[in-house]
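All chains are named by letter (A, B, ...) in the order of the sequence lines, taking the proteins before the strands, and each is independently numbered beginning at 1.
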Number of protein chains: 2
Amino acid sequence: MVTPMTTTSPQGRTELLRPDGSPVRVLVVDDEQSITELLSMALRYEGWQIRAAGDGHGALQTAREFRPDAVVLDMMLPDMDGLTVLGRLRRELPDVPVLFLTAKDAVEDRIAGLTAGGDDYVTKPFSLEEVVARLRGLIRRSGAADRRADSVLVVGDLMLDEDSHEVSRGGENIHLTATEFELLRFLMRNPRRVLSKAQILDRVWSYDFGGQANVVELYISYLRRKIDAGREPMIHTRRGAGYLIKPATS
Amino acid sequence: MVTPMTTTSPQGRTELLRPDGSPVRVLVVDDEQSITELLSMALRYEGWQIRAAGDGHGALQTAREFRPDAVVLDMMLPDMDGLTVLGRLRRELPDVPVLFLTAKDAVEDRIAGLTAGGDDYVTKPFSLEEVVARLRGLIRRSGAADRRADSVLVVGDLMLDEDSHEVSRGGENIHLTATEFELLRFLMRNPRRVLSKAQILDRVWSYDFGGQANVVELYISYLRRKIDAGREPMIHTRRGAGYLIKPATS
DNA sequence: TGGATTTCTCAGGGAAATCACAGATTGCCG
DNA sequence: CGGCAATCTGTGATTTCCCTGAGAAATCCA
């Protein structure tokens, strides 16, 4: 049975709001404008308020005035070392969580201690779903946001825990690879909505992915094997339009 | 997250209005005048206010002054790259959704990232129904429009969900192909109104469709088999004039 | 370092969708 | 009622889209 009698929230997902009901504020700091634009677009789409800065000084200045609830901070800035920015940021806004952007290789040594303070990082090139998910986690745990927002997505008897990365259907645990997990998360954050292959590529794969669009088909195929295997299918193809997920009992 | 369905307007057609009740404003940017004219006509018909521009500079200038709620932007402009226009546009109007027009083959490489922020695209040659539908989706989700407007069309016991692409009659699910879906959407957006074969061809098929006009008859026939099969017919022929859809009980 | 896992490309197969064509049917007119 | 035009629909060719196996390349992990 179709359920056109019901509507999802405007964006088909739970809003993350501050306790007073105002939107979450996020400051994005990166010297590449294409990156700040990409992130701003994606994060605005989450319903958050975004400001961007291109260097350390701009970041600190904007932070003072904007009072963000979270910061996305590139480790490589033209005028200032990422750690320096972090230090000064902490003096102004001690409790604001920071999501670091860092090159793939430069990770281990310098980031290690950083996440101890409740911060987190992603490596470039990242996927938007990953950044959004990490940010949501940070904001949720920092207490800036309404606690109602929790980390478990549920569609039918399918459950996905964004914190523990655990997935189960009908109580049975399912192991997914990182990419499979992100794809499923994206589908489950937009239940009953057709998502085009382009949309999926844009959100789930890294922004610099240059490969064939049929990876999406491939990973849908993998997911089906694990999620739908033998059971009533939840992942559906809309030929010429895209894919969607919905509870089996309909 | 689910809310009860609100009542539909008598004609089953929900107007898309801004919160203050004024009409939605859309900026159309394409260097081919035949395209901007085609689009302007179709979009005005939706009750929206339209402005057109033929190049990047004109687009930015018009955007500043016109403050559109959405932009239709060709990726190929004479003076400026589509991505450049997008970037500058974003600086002025951070929250305005953009619908990109792009050549069919140019998709893979250049589109990357475009749908990331909730934007969307259609490939040339497009059908007007598709452009209108995508634009409505963008505007609805951007929050510029009244949130009550939802994505479900209802005529009698026939329901069509533009988000999930699901169609049902009397609670029974019906599978439609992409073309059947667009045709039915067009009919349902104009209930009780006779639509000529020419109108249907112009709105549902691509603007460069060169085939036989009797595809319309063929697809009406397909639709009847699925929608009306056995039941009281809702799709009616007005010989010499066209077709119309209306609730069965009248 | 070497094996296991994951990611992705490539290509074949197959199913579905689209559409042309033509004969059947229907409605309208005198 | 006969004839004409408009419409309907069965058939099948063609195209498009999607699925998936096989294996190469990259990555992870012990």
For [X], enumerate each residue passing the salt bridge (charged side-chain N to carboxylate O under 4.0 Å, His left out) test, keeping only those at least two apart in sequence or located in another chain.
{"X": "B/Arg231", "answer": "B/Glu172"}
{"X": "B/Glu32", "answer": "B/Lys124"}
{"X": "A/Asp157", "answer": "A/Arg169"}

Taking atom [atom2] of [N] as reference, at what distance in whole Å does atom [atom1] of [X] sit?
{"X": "B/Phe209", "N": "C/dA17", "atom1": "CZ", "atom2": "C1'", "result": "13 Å"}
{"X": "B/Leu176", "N": "C/dA16", "atom1": "CG", "atom2": "P", "result": "15 Å"}
{"X": "A/Arg238", "N": "D/dC19", "atom1": "CZ", "atom2": "P", "result": "12 Å"}
{"X": "A/Lys226", "N": "C/dT5", "atom1": "NZ", "atom2": "P", "result": "11 Å"}
{"X": "B/Leu195", "N": "D/dT7", "atom1": "CG", "atom2": "C1'", "result": "17 Å"}
{"X": "A/Leu201", "N": "D/dC18", "atom1": "CG", "atom2": "P", "result": "13 Å"}
{"X": "A/Leu223", "N": "D/dT20", "atom1": "CG", "atom2": "C1'", "result": "15 Å"}

Problem set entry | Under 3.5 Å side-chain donor-acceptor pair for B/Ser196 and B/Arg238 |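 There is no such pair (donor and acceptor under 3.5 Å, judged by atom type) between the side chains of B/Ser196 and B/Arg238.
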Could you check whether any side-chain N or O of [X] sits under 3.5 Å from a backbone N or O of [Y], counting only pairs where one atom can act as donor and the other as acceptor?
{"X": "A/Glu180", "Y": "A/Thr177", "result": "yes"}
{"X": "B/Ser127", "Y": "B/Glu130", "result": "yes"}
{"X": "B/Asp228", "Y": "B/Ile235", "result": "yes"}

Problem set entry | With B/Ser221 via side chain to side chain contact (heavy atoms under 4.5 Å, CB included) - residues at least two apart |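 If we apply the side chain to side chain contact (heavy atoms under 4.5 Å, CB included) test to B/Ser221, skipping adjacent residues, the hits are B/Arg225.
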For this session: Quickly, which of B/Leu43, B/Leu39, B/Thr36 forms a side chain to side chain contact (heavy atoms under 4.5 Å, CB included) with B/Ile50? Name it, please.
Result: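 That would be B/Leu43.
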Exercise. Which residue pairs pass the salt bridge (charged side-chain N to carboxylate O under 4.0 Å, His left out) test when at least one of the two sits in residues 200-220 of chain B, sequence neighbours left out?
Worked result: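 Pairs touching residues 200-220 of chain B that pass the test: B/Glu46-B/Arg203, B/Glu129-B/Arg203, B/Lys197-B/Glu217.
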Short side-chain N/O contact to [N] OP1/OP2 from [X], under 4.0 Å:
{"X": "B/Thr177", "N": "C/dA16", "answer": "no"}
{"X": "A/Lys197", "N": "D/dC18", "answer": "yes"}
{"X": "A/Trp205", "N": "C/dC8", "answer": "yes"}
{"X": "A/Gln212", "N": "C/dC10", "answer": "yes"}
{"X": "B/Thr237", "N": "D/dC8", "answer": "yes"}
{"X": "B/His236", "N": "D/dT7", "answer": "no"}

The criterion is ring-ring contact (aromatic ring centres under 6.0 Å, His included); which residues satisfy it with [X], sequence neighbours excluded?
{"X": "A/Phe126", "value": "A/Tyr207"}
{"X": "B/Phe186", "value": "none"}
{"X": "B/His165", "value": "B/Phe181"}

What's touching nucleotides 27-30 of chain D from the protein side, N or O pairs under 3.5 Å?
none

Problem set entry | B/Gly211 or B/His175, whichever maps to the more 5' nucleotide of DNA chain C |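 Final value for this comparison: B/His175.
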For this session: Convert the base pairs of DNA chain D into dot-bracket notation, remembering that pairs crossing earlier ones are written with [ ] and that bases paired across to another strand are shown as |; include only Watson-Crick or G-U pairs under 3.5 Å.
Result: ||||||||||||||||||||||||||||||
For this session: Considering only NZ, NE, NH1 and NH2 on the basic side and carboxylate oxygens on the acidic side, decide whether B/Asp119 and B/Arg90 come within less than 4.0 Å.
Result: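 Yes, B/Asp119 and B/Arg90 are salt-bridged.
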N/O contacts under 3.5 Å, protein versus nucleotides 9-11 of chain D?
| from | atom 1 | to | atom 2 | distance (Å) |
| --- | --- | --- | --- | --- |
| D/dT9 | OP2 | B/Ser221 | OG | 3.4 |
| D/dG10 | OP2 | B/Arg225 | NH2 | 3.1 |

What are the atom names and distances for every N/O pair under 3.5 Å that joins the protein to nucleotides 25-30 of chain C?
| from | atom 1 | to | atom 2 | distance (Å) |
| --- | --- | --- | --- | --- |
| C/dT26 | O2 | B/Arg239 | NH2 | 2.9 |

For this session: Mind listing the closest non-hydrogen atom pair of B/Val98 and B/Leu86 along with its distance?
Result: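 Taking B/Val98 first and B/Leu86 second, the nearest heavy atoms are CG2-CD1, 4.0 Å.
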Exercise. Base, sugar-phosphate alone, or nothing: which one does A/Tyr243 contact when heavy atoms must sit under 4.0 Å apart?
Worked result: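 Result for A/Tyr243 = sugar-phosphate.
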